[in-house]
Amino acid sequence: MTEVSIEKLTKSYGNARAVNAISMKIAEGEFISLLGPSGCGKTTTLKMIAGFEDVTEGAIRFDGQDVVNTPAEKRDIGMVFQNYALFPHMTVEQNLAFGLEMRKVPKPQMRERIAKVLDMVQLKGYEARYPRQLSGGQQQRVALARALVIEPKILLLDEPLANLDAKLREEMRVFIRDLQRRVGITTVYVTHDQAEAMTMSDRVVVMFGGRIAQIGSPTDIYERPENHEVAEFVGQVNLVEAKVESVGEGTATVTSPLGNFILPTKISVKPGNMVSLALRPEAIELSMATAGQPAATVLASYYSGALMDYRLKLDNGDELHAQTFPVNRFAEGDRVALHAPAERFWLVGVAQ
Amino acid sequence: MTEVSIEKLTKSYGNARAVNAISMKIAEGEFISLLGPSGCGKTTTLKMIAGFEDVTEGAIRFDGQDVVNTPAEKRDIGMVFQNYALFPHMTVEQNLAFGLEMRKVPKPQMRERIAKVLDMVQLKGYEARYPRQLSGGQQQRVALARALVIEPKILLLDEPLANLDAKLREEMRVFIRDLQRRVGITTVYVTHDQAEAMTMSDRVVVMFGGRIAQIGSPTDIYERPENHEVAEFVGQVNLVEAKVESVGEGTATVTSPLGNFILPTKISVKPGNMVSLALRPEAIELSMATAGQPAATVLASYYSGALMDYRLKLDNGDELHAQTFPVNRFAEGDRVALHAPAERFWLVGVAQ
Amino acid sequence: QNKTLIVPTLGGVWEQFWRNTLAPEFTKASGANVTLDVGNGRVWGANMRAAGVANPPYSVVMTNEVFASSLRKEGFFEKLDLSKVSNYNDLYPLAKKTDGWGAIAMVSPIGLAYRTDLVKTPPKAWKDLWTNPEFKGKIGLYSFSNSAGKMQLMLFSKIFGKDMYDTEAGFKALGELGSVIQADFNLSTGIASGEFVIAPFDFGEVARLRKQGLPIDVIVPEEGLLMFDQTINILANAPEKELAYEYANFLLAPETQALLMKEFFISPTNSKVVVPDDLKADVPISGPEMDKILSWDWDFMNQNQAAFAETWAKTVK
Amino acid sequence: MSPGKTKGIGPYLLIAPAGLLLAIFLVLPYLNIGVMSFRVPGQGTPYGEGFTLVNYARFFADSFYIWQVVNTLWIGFLTTAICLVIGFPVAWQLTRPNMRFRGLAYGLVLSPLLVGIVIRSYGWTILLGNNGLINRTLTNMGLIDAPLPLMYNALGIIIALVHVFLPFMILPIMNGIQGIDPSLEAAARSLGASRATAFRRIVLPLSMPGIQAGCILVFVLSLSAYVTPSLIGGLKVKTMAVTVVDALIDTFQWPFGSALALMLSVTGAIIVVIFGRMTRMKWKVA
Amino acid sequence: MSRPFLTGYCLLIYAFLLAPILVVVGASFNAGAFLTFPPQGLSFRWYVTFFNNEVFMRAIRTSLWVAFVTMIISGVIGTMAALFHVLHARRSKDVVRIAMLAPLLLPEVLTAISLLFFVYAIGIGTQNMVGMIIGHVLITLPFVFINVSASLESFDPSWDMAARSLGAPKLVRFRRIMLPMIKSGVIGGCLFAFIISFDIFTISFMLKGVGTSTLPIQLFDYLRTNFTPEAAAVSTVSIVLTLTVVIISEKVLGLRIHRF
Ligand SMILES: Nc1ncnc2c1ncn2[C@@H]1O[C@H](COP(=O)(O)OP(=O)(O)OP(=O)(O)O)[C@@H](O)[C@H]1O
Ligand SMILES: Nc1ncnc2c1ncn2[C@@H]1O[C@H](COP(=O)(O)OP(=O)(O)OP(=O)(O)O)[C@@H](O)[C@H]1O
Ligand SMILES: [Mg+2]
Ligand SMILES: [Mg+2]
């Protein structure tokens, strides 16, 4: 149960800043995800919180105490490393026992806890194996188990599920979330998987190039992205040209090929401005075209397991991407009608 | 342009068989994915094809030639290793150049090819970095680039995108697929990501515990899984109790809480048998309940970015999982009607 | 084309002197080239044994009598053809002890040296090592592996027992000597650094140390002197026998002996050499005084050295 | 490592040059020595007629020699242990990424080897001797009355051996440490291990290949060292190597010397094998 | 261990390593004619003497040459043997190791003597330096072997696999991938081989070619008779030379491998 607060945290490698003056406050027991493209500084941030990278500038506080000079082992953290960092000379069991030994957990209790966690990560029977005798995914699970078994105050997870299949991943998520809630561990979770970040986190931090682009709840991030980059990063997005007709109190009325809408606006617009309407592909529903509705032509359709992807062409030439369940299938060249509720649109500034 | 054929390939570690008598034929220029839970033997299979693991039993043929005794370096393969295996003492550029040097590609052409690939994996400007100065995802991309730049006859990719975010992943997929098609590289792709396997592959091989469970096109695998395990693995699946009413020529008529269907059957059933009806969550459409339709009560709903997940309870007490776009949202306790087309159901044998 | 004689020589200053002075002299006298081969009795012995009696790598060898005597037994050397060694007759009797099988070309008498600054009562006899408490724990000795070590044993046996064969007495005395510091070859370091203050030293060495500024002096003990000897031997199957004889004769010549005396403060073995006054201090033993040098039964020593070495190791502290 | 390679004669070509060299120039010459050790000791000749076990009997019958073996092993063991303890931190520091003056430090580590044995012993005599710098300083300061026995005993031998063998411990350990991923240490600390514990539980065991190599080298070298023990030990401490050398080249007891030498070598070899087995890296063996 | 403590500790060790050498270096600047410490006044006269001493200079040249040849031969075959030992030997591991260590386990004198008899038996004799160099290779081989073995233990086979997947033949893989990864072991082993060969006494003494001499022999003989500071000067010069070589190789080759 520790509150973590970060202030203007910066890490430079030579002239380049891997992490650039980021600030955030993570509440006790909160589950926060770091989301961002490869190389944006997620691992670096995590390592600074853990105490493995020197802080170039800024402060890190646990419960108000500056910990920049506290050695890693005194911070009571559990960490899953992106490259696992399993101890090659210890068996799976010894790897898990290590943290417990440091905490002087009595032997019988230790054995019990290890057995429980191993069971959860589905590696029962692998106790005596050395890391190099395990598959990639198995190693990753050992790394996860090793960090979880100590039930630390702060949990730092660096893409801990990247090498697992969907089923296992799902089960691991539940397991992590359960433990985290039960013990009340403040958790920072690094993932490249938007869906994972969305389903697991209390809040999501989106980073780009060492800076924080947005912090907010998953719904915030997904449905009210503060800028186009965030919107694009956390999901696919369609941009449709629109024209501002009139401006009201924090809202604007726009006309577009998809219809006319009154939308809240955070950017300053004037009547007559050309803007972009943003819309997620899965917000679009398709049906056979009937007259009087916004319509489009199917350019291409892809099947991807659970979903159908359509590339559509509006009559004004703009292209759209729609994603639906493969209940009704449309073929290339079909005319389809588009439906999308007004609240799924948002304005993203002047279209170039 | 090489045809790869594998026959009764087996790899034992002591008594345990990591790969157990698998056979398959990969056509020239085909793109095949190995899909399966962690530890099922994917990496081991790949390494045997590459020539890095001794074959305990069985044969591997490239274009009909047995290669079991051909050293790896003579097999003209490109491989991305699960742990990258970048050369730590070489810069990014030197890592990429290595394979080209082995092929005696002239300097100017080499430089050009490296620049092109680096551009594709979005690592322009990183030429002079050493692997240790890169983030996890960047390293993975270098590993990918290193295997691709040599344009080998056979490409073996072991979870090459596991550490990348969705956007980059998507772009890399297109890049890999493009190159693979253009050069006609026979490709074996290991992934834990079902969707990836589905979208990229000509055929998918599903493995469990060292054995092949099913080989088939993505649609085959997803929509006509040969058994329950495969079905479960490549996507979520609902099982509904049903009763066989009558049996026809390869078909059976069943009654179930979701309605009555005539379904093709591969398993032998007799009238009066209790069987399971399988159905994917996303095949279910929900609407407000009206009389006369199969209906259920919403137990819980989760929001996960693009999708809504519902846990539903049928009136007979069975639970179902449905996945829809968040167009209509239902709350806990709502009564909903269920729709699902008959062709999305399949029979999976006697329910226990 | 000139012939070449391989001349085994000791290293360091010896080699330098041979290279710069003696070899050119010999070349001038004989017209033959000289190849110097640095080593010592052990190496030459090993080389000759390895090569075998029939094919020795050398024609002439000058080494300690202790090595020479066993090699002689093994048949490597021949009895000197005295007609070819005209200088043999001028040698002191001491130098002719080998019965014509070799001739001692150099003698470095060994006395008892002590640090003049660290010793209050200078010694007079070997016995003083036991009796003067000043020396307790500060005595240096040659180890048994050195030929001087073997002589020490025979000397002490003679002093404390019936004769040199009474080694029981000798060892008993050695045991009573208490702690001594042994060195295999180099005693100079120890005495220079003051690790011990008294030890057997050859006169030449003492002279050198004194010249280098070390406060050291050496006495001729009442019981007599030991010596490092260098016997010159001719190989029975020498590849260059004529030259070898020429060289042997050259070494024994008074002119050569004088040169060696000046350089190394050895006691000349050729009776025709006169020690000039300015060298008297550094070469105190010459002429009739050569009688003070005791001689030893090397056959006895060689036959029993295995047992003696073991007893020595167990006895000397 | 990678398979396909272990097949055929390929790998044996790697060991062939060393194997041949040792077979021709070590094993063959030593056959002679092996035979020699069964010869009848000679009188004034290297050996006499016929064969006998008397040389070995003489070794086993005399506690003087048995004790020498014990003594030699003990000195070897202590030297190795001390080298390990004082060498490891130096090796560790030399591999730190931000180490400055690495070249210089590396050179310093090697420096004891650069001074010939005689000169080096002279240096020690100046320092450790009864009349040496240390003893003189302490005496002048009035701290001691009689000189401390720093030389002419096992202590002096061990000091001098540690000094000259330290490089043989440090370099292999450095090689071992360089193979350790620093994130393993980080992982240990994230689990609550202090620097010291992480060092002890992670760095130390993972440097085992280097430690093993260093210990074997130092131990073997200590066993066969004879110049240092004879110069620094003033021949007061009997070690096997010194006795062997005496027997072989000073007193011409070739049969007995050969027997002693072979006993010493076999003992050393057995200890090396046992040590190798004890420190086998289980996690590397399939 | 905390950083300052570690640094302090290491400085102490370096002091220990240097102590007797400083004595020697100090003595070499002795103005007096005798090898004493502390020196009686400072001067370079013994260096001048040394550089003008043709015998020493020739011995140094011989030693350097022999050490160089020895280092190359030992370096190559010792590394090969280590490769076999770590990568290929299974059951023969112990045997290979003991065999490779044998030259150190056996007393150098005995090796020297038996080799001397052997070279005469096969007709090489000591007319040239072949016998001596063989002896030097025997003695230095274990050092290369042990050092290379130790660094090979931490070579990750997946690097080799990656290189093979890129089509690199065995020798190229060795030169471009493995050698850079084990270079500290190879350099360490070769340095040992060089330095030890430079310092070998007994083998050289017994087996040196007739009429030649190496520095340790010269020095040894010299010290028997001339205990002057010149000997210390010789040592000092060889330390300085080697230190320079090591520092330059650190700058040029980098003695540390950047793996992580
Ligand atoms: N050296 C070994 N000794 C014993 N078992 C091993 C060894 N290497 C791998 N295995 C086992 O073989 C099985 C297959 O391993 P493999 O690496 O092929 O799995 P995978 O399908 O690649 O899994 P993942 O998706 O987790 O990477 C695993 O159960 C693993 O534990
Ligand atoms: N030692 C280093 N020297 C220079 N740059 C570095 C170093 N380590 C990391 N970087 C750079 O810092 C940036 C941030 O790296 P970081 O590992 O934090 O990324 P990340 O967000 O974890 O990415 P990924 O998702 O790919 O793991 C990257 O651009 C990387 O190239
Ligand atoms: Mg990262
Ligand atoms: Mg795998």
Side-chain angles (χ1 to χ4, degrees), chain C residues 4-20 33-40 42-52 54-58 108 146 183-194 202 204-205 208-216 228 263-264, chain E residues 23 27 30-37 40-41 49 53-56 58-59 62 109-110 112-127 131 201-231:
Chain C
T4 299
L5 181 69
I6 293 170
V7 173
T9 159
L10 295 173
V13 281
W14 301 95
E15 182 196 354
Q16 251 167 7
F17 183 69
W18 250 257
R19 192 177 298 285
N20 298 334
N33 293 324
V34 171
T35 299
L36 294 180
D37 185 45
V38 178
N40 64 23
R42 288 171 195 164
V43 183
W44 300 320
N47 258 286
M48 282 188 274
R49 288 190 176 103
N55 278 309
Y58 314 109
S108 306
N146 192 294
D184 170 354
F185 54 94
N186 180 342
L187 282 168
S188 308
T189 328
I191 203 157
S193 59
D202 68 82
E205 180 75 1
R208 267 194 303 280
L209 290 177
R210 207 163 32 208
K211 289 218 164 26
Q212 286 171 14
L214 194 72
I216 188 173
F228 287 128
E263 186 69 22
F264 300 111
Chain E
V23 170
N30 203 335
F34 200 73
L35 193 44
T36 53
F37 191 90
Q40 314 146 322
T49 316
N53 187 333
E54 221 277 318
V55 175
F56 270 136
R58 190 168 44 206
T62 309
V109 206
L110 200 51
I113 293 175
S114 58
L115 198 55
L116 180 68
F117 276 79
F118 188 72
V119 291
Y120 271 106
I122 61 172
I124 298 178
T126 53
Q127 299 312 304
F201 179 76
T202 310
I203 294 255
S204 303
F205 206 39
M206 294 284 181
L207 287 158
K208 73 189 177 56
V210 168
T212 61
S213 188
T214 63
L215 186 62
I217 299 176
Q218 285 294 345
L219 211 49
F220 176 86
D221 285 322
Y222 186 82
L223 283 172
R224 289 178 82 121
T225 48
N226 304 43
F227 218 66
T228 67
E230 186 175 351

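Side-chain atoms are counted along with the backbone in the values below, which use heavy atoms only and exclude waters and symmetry mates.
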Practice problem: Identify which of C:G204, C:P8, C:A46, C:G39 forms the greatest number of heavy-atom pairs closer than 4.5 Å to chain E. | Solution: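 If we count pairs closer than 4.5 Å to chain E, C:A46 comes out on top.
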Practice problem: Ignoring hydrogens and angles, tell me if any N or O in the side chain of E:K208 forms a donor-acceptor pair with the backbone of C:V38 under 3.5 Å. | Solution: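 Judged by distance alone, yes, a pair lies under 3.5 Å.
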Self-check item: Close side-chain approach of C:R49 and E:I113, heavy atoms under 4.5 Å
Solution: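 They are not in contact (no side-chain heavy atoms under 4.5 Å apart), so the answer is no.
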Exercise. Grab the two heavy atoms, one from E:Y120 and one from C:P57, that are nearest each other, plus how far apart they are.
Key: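 Residues E:Y120 and C:P57, closest heavy atoms: OH-CG, 3.6 Å.
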Practice problem: Can you see which heavy atom on E:N53 is nearest to which on C:Q16, and at what distance? | Solution: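 E:N53 and C:Q16 have their closest heavy atoms at ND2-NE2, 3.0 Å.
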Quiz item: Does any heavy atom of chain E fall under 4.5 Å from the side chain of C:I6, the backbone, both, or neither of them?
Solution: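 C:I6 touches chain E through side-chain heavy atoms alone.
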Exercise. First locate atom CG of C:L36, then atom OG1 of E:T212, and finally report the distance between them rounded to the nearest 0.5 Å.
Key: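 With rounding to 0.5 Å, CG (C:L36) is 12.0 Å from OG1 (E:T212).
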